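Worksheet for the structure shown next.
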Amino acid sequence: PRHWAAPRPCRESFSMVAALRPPVSLQPRCVDLAIIGAGVGGCALAASLRREGFGGAIRLLEIGRGPGGRSATRRSRQDPDLLINHGAPCFNLRSSPSPQLIAPLAAAGWIRPFEGAIRSLDGNGEIVDPIDDGFSEGAIWQGHGSMDALCEGLLAIARGGETTAGEAWCELQGGTLVRQLKLRGEGSALRWSLRDGSGELLCEARWLVLSGSLLAHPRAQSVFGWPEVPLQVVAEERGDPQLLAAQRHLAGMSARASANLLLSLPAEAAQPWLAQPWRLLQCQEPAQQRWGLRRISIQPLACDRAAVVAESSAAFAERHLQVYGSRSSAAQLLGAKPPAEAEAAVLGALEQALSEALAAGLNLSTRDSDRQLMRWGAAFPDPPGLPESLRLCPQSALGFCGDALAGEGFGRIEGALRSAEALATQLKSVL
Ligand SMILES: Cc1cc2nc3c(=O)[nH]c(=O)nc-3n(C[C@H](O)[C@H](O)[C@H](O)COP(=O)(O)OP(=O)(O)OC[C@H]3O[C@@H](n4cnc5c(N)ncnc54)[C@H](O)[C@@H]3O)c2cc1C
């Protein structure tokens, strides 16, 4: 069917979609488990279920073209070597034992220890020792080649590698915004149906997991202009007290934004950047206030090129919340065209801040670079997250995972992984 995800030519794991067939007993559009969101939480849930021995059909529905969510990598059709980690550039594991998925991901080469030093920038523009910013303590990992390798590796596990369930069916349906949710039936005959903005049926499922909070949160109304919050409608219709509580909790959560300047530098311009003794530069609080930047990463690319990503402070992003990058998935999906002048002004302000912050004789120029903007409206959720007791709503055949779940790693990739593993353990007995 045309709505199925087209294999992406650049990575082998995507072409596996075409090779795997749904179990004969299932209609193509009816799956055992639908997961909304193919970020780390959604992909890790699919992978954990396989490792737990679950052999049913899983479909992930995702707004972005590929997996990754806030740990995705921006790619260019014209320039296959251009890979920019426009969300998380790495991830840290602060507590042990590590999530169980780490060992198979590392063994198969999807992730590797983070390469490059971390330093910090003080309010005088001096580069000094790193600080505890929550994202740099413990073991630090990165996707091998680019950050989206983390989610691609999780999907490879979900599709049959490293599993006791044998080769199993798991499909990523990218470029798809789930707009409407419906739940009908009772008990073991419960069925979720998921529709897009035009009302077309995307998928039916016995169980549903939300790995992002969008469909439960009033920002769905402000961002997309929807008259209602989709999960709230279901919760009120069904009257399941646990679902009502979970939806209200998610709806009440706030998050900090981040406006990111993405620069790609040709080989010559990249050299002074690559010669720096750091790959991640944390901005201390006074530096954030002075320049409106939170962190800067230098990301080496093939052929001596580099990408540089300057992540804004939350305060800067808040001031420019209405301006999002014209090349982002959300903009493309909405067919929205943010005013070019507003985008240019935000890009200009971030570039200026970057030059001023790093002015101290480092000879780092952004001339000759290609510039893009990535605005994350909800980059970092504020605590407290969704409590463990609301992670699974069996009466409504619904679960939640992702970094918005309370617990170790909240607001980070570690939390997305741990919440998915915990949910998989619970789901195993009911799926
Ligand atoms: C700029 C930035 C820097 C960061 N740096 C770090 C770092 O250094 N270390 C770290 O550990 N973490 C970092 N993080 C946080 C980290 O990226 C997140 O914690 C993690 O990626 C969350 O994964 P998730 O699966 O819970 O959510 P997400 O990645 O947000 O995944 C949810 C997915 O659901 C999709 N979705 C939502 N609603 C729908 C719908 N209706 N239909 C279809 N799809 C839908 C979204 O498109 C999204 O892809 C950073 C985040 C940002 C933005």
Side-chain angles (χ1 to χ4, degrees), residues 34-46 59-72 85-94 114 118 133-138 140-143 147-148 150-151 154 172-181 194-197 202-203 208-217 219-220 223-224 226 229-231 255-262 280 282 294-295 297 309-314 317 328-330 333 374-381 385-386 400-405 409-420:
I35 302 174
I36 299 184
V40 176
C43 296
L45 175 66
R59 176 173 291 154
L60 295 105
L61 301 107
E62 168 56 49
I63 298 172
R65 280 188 298 269
R70 277 172 283 151
S71 48
N85 301 318
H86 58 181
C90 57
F91 66 101
N92 62 330
L93 301 175
R94 289 207 317 209
F114 180 70
I118 303 181
D133 64 353
F135 294 99
S136 316
E137 306 79 29
I140 308 184
W141 292 86
Q142 63 185 15
M147 268 308 278
D148 56 4
L150 167 60
C151 282
L154 292 168
L172 170 66
Q173 187 174 327
T176 303
L177 172 67
V178 179
R179 162 71 184 88
Q180 288 174 46
L181 303 173
L194 279 44
R195 292 178 188 273
D196 68 11
L202 295 166
C203 159
L208 176 66
V209 167
L210 259 59
S211 74
S213 60
L214 179 73
L215 291 173
H217 198 277
R219 78 171 182 280
V223 174
F224 297 110
W226 298 346
V229 177
L231 192 67
R256 283 162 295 144
S258 182
N260 293 0
L261 168 68
L262 320 178
L280 267 186
Q282 313 157 316
R294 193 179 63 83
R295 192 169 57 172
S297 63
V309 176
E311 299 171 44
S312 82
S313 65
S328 66
S329 299
L333 206 74
M374 181 64 202
R375 186 227 59 168
W376 298 97
F380 305 106
L386 187 71
F400 300 96
C401 66
D403 73 342
L405 276 283
F410 171 80
R412 294 181 290 117
I413 288 176
E414 179 177 7
L417 289 166
R418 290 190 190 280
S419 70

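Quick note: numbers below take in every heavy atom, side chains included, and nothing from hydrogens, waters or symmetry partners. Counting starts at 1 for both ligands and their atoms, in listed order. Just so you know, these numbers come straight off a predicted model, no measurement behind them.
- The shortest heavy-atom contact between C43 and P67 is SG-CB, 4.1 Å.
- Remark: minimum distance from atom 24 (P) of ligand 1 to any protein heavy atom is reached at G41 N, 3.9 Å.
- Taking atom 39 (C) of ligand 1 as the reference point, the nearest protein heavy-atom neighbour is I36 CG2, 3.6 Å.
- Near G402, the atoms of ligand 1 lying under 4.0 angstrom from a non-hydrogen atom of the residue are 26 (O).
- Checked by atom type and distance alone, the side chain of R295 never pairs as donor or acceptor with a backbone atom of L280 at under 3.5 Å.
- Side-chain atoms of S211 come within 3.5 Å of backbone atoms of G37 as a donor-acceptor pair (strictly under, hydrogens ignored).
- Residue I63 touches ligand 1 through backbone and side chain together, judged by heavy-atom distances below 4.0 Å.
- Here the OG1 atom belonging to T176 is positioned 11.0 Å from the CG atom belonging to L60, to the nearest 0.5 angstrom.
- Among all protein heavy atoms, the one lying closest to atom 34 (O) of ligand 1 is G37 CA, 3.0 Å.
- Below 4.0 Å from some heavy atom of A379 lie the following atoms of ligand 1, by number and element: 53 (C).
- Using a 4.0 Å cut-off to heavy atoms of I413, the atoms of ligand 1 that qualify are 10 (C), 11 (O), 12 (N), 16 (C), 19 (O), 20 (C), 21 (O).
- Under the rule for a side chain to side chain contact (heavy atoms under 4.5 Å, CB included), the partners of A44 that lie at least two apart in sequence or sit in another chain are L101, L154, L417, A420.
- Rounded to the nearest 0.5 angstrom, I118 CD1 and I140 CD1 are separated by 3.5 Å.
- Judged purely by atom type and a 3.5 angstrom limit, Q173 has no side-chain atom pairing as donor or acceptor with the backbone of R59.
- Among all protein heavy atoms, the one lying closest to atom 48 (C) of ligand 1 is E62 OE1, 3.4 Å.
- In terms of N/O distances under 3.5 Å, ligand 1 is approached by V40.
- Of the protein's non-hydrogen atoms, A88 CB, 3.4 Å is the one closest to atom 6 (C) of ligand 1.
- Relative to atom 5 (N) of ligand 1, the option among R70, R295, R412 with the closest non-hydrogen atom is R295.
- Between the side chain of S71 and the main chain of A88, no donor-acceptor pair closer than 3.5 Å is present.
- When heavy-atom distances to ligand 1 are checked against a 4.0 Å cut-off, L215 comes that close only through its side chain, counted from C-beta outward.
- Counting protein heavy atoms only, atom 51 (C) of ligand 1 is closest to F380 CE2, 3.5 Å.
- Considering both main-chain and side-chain atoms, V178 comes within under 3.5 Å of ligand 1 through a nitrogen or oxygen pair.
- The closest donor-acceptor contact from the side chain of D148 to the backbone of G68 lies at 3.5 Å or more, if one exists at all.
- Residue-ligand proximity, A416 to ligand 1, at heavy-atom distances under 4.0 Å covers atoms 23 (O), 26 (O).
- For ligand 1, the atoms sitting less than 4.0 Å from at least one non-hydrogen atom of T176 are 42 (N), 43 (C), numbered in the order shown with element in parentheses.
- Here is the list of ligand 1 atoms found below 4.0 Å of a heavy atom in C90: 7 (C), 8 (O), 9 (N), 10 (C).
- Within the listing of ligand 1, atoms 15 (C), 19 (O) sit less than 4.0 angstrom from a heavy atom of G411.
- Backbone and side-chain nitrogen or oxygen atoms of E414 are examined, and none is located within less than 3.5 angstrom of a nitrogen or oxygen of ligand 1.
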Just do the side-chain contact (heavy atoms from CB on, under 4.5 Å) check on V178 and D196 with the steps written out, would you?
CA-CA 5 Å; V178 179; D196 68 11; over 6 Å; no

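- Which parts of ligand 1 touch N260 is read off a 4.0 Å heavy-atom cut-off, strictly below it: atoms 1 (C).
- Nearest protein heavy-atom neighbour of atom 18 (C) of ligand 1: D403 OD2, 3.5 Å.
- Judged by distance alone, with hydrogens and angles left aside, the side-chain atoms of R412 form a donor-acceptor pair with the main-chain N or O of N92 at under 3.5 Å.
- Aromatic ring orientation, W141 versus F91: parallel (interplanar angle below 30°, classes split at 30° and 60°).
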Worksheet item: Run the side-chain contact (heavy atoms from CB on, under 4.5 Å) check on Q142 and N85 step by step: do they pass?
Response: CA-CA 10 Å; Q142 63 185 15; N85 301 318; over 6 Å; no

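- If you check which protein heavy atom lies closest to atom 31 (O) of ligand 1, you get G39 CA, 3.6 Å.
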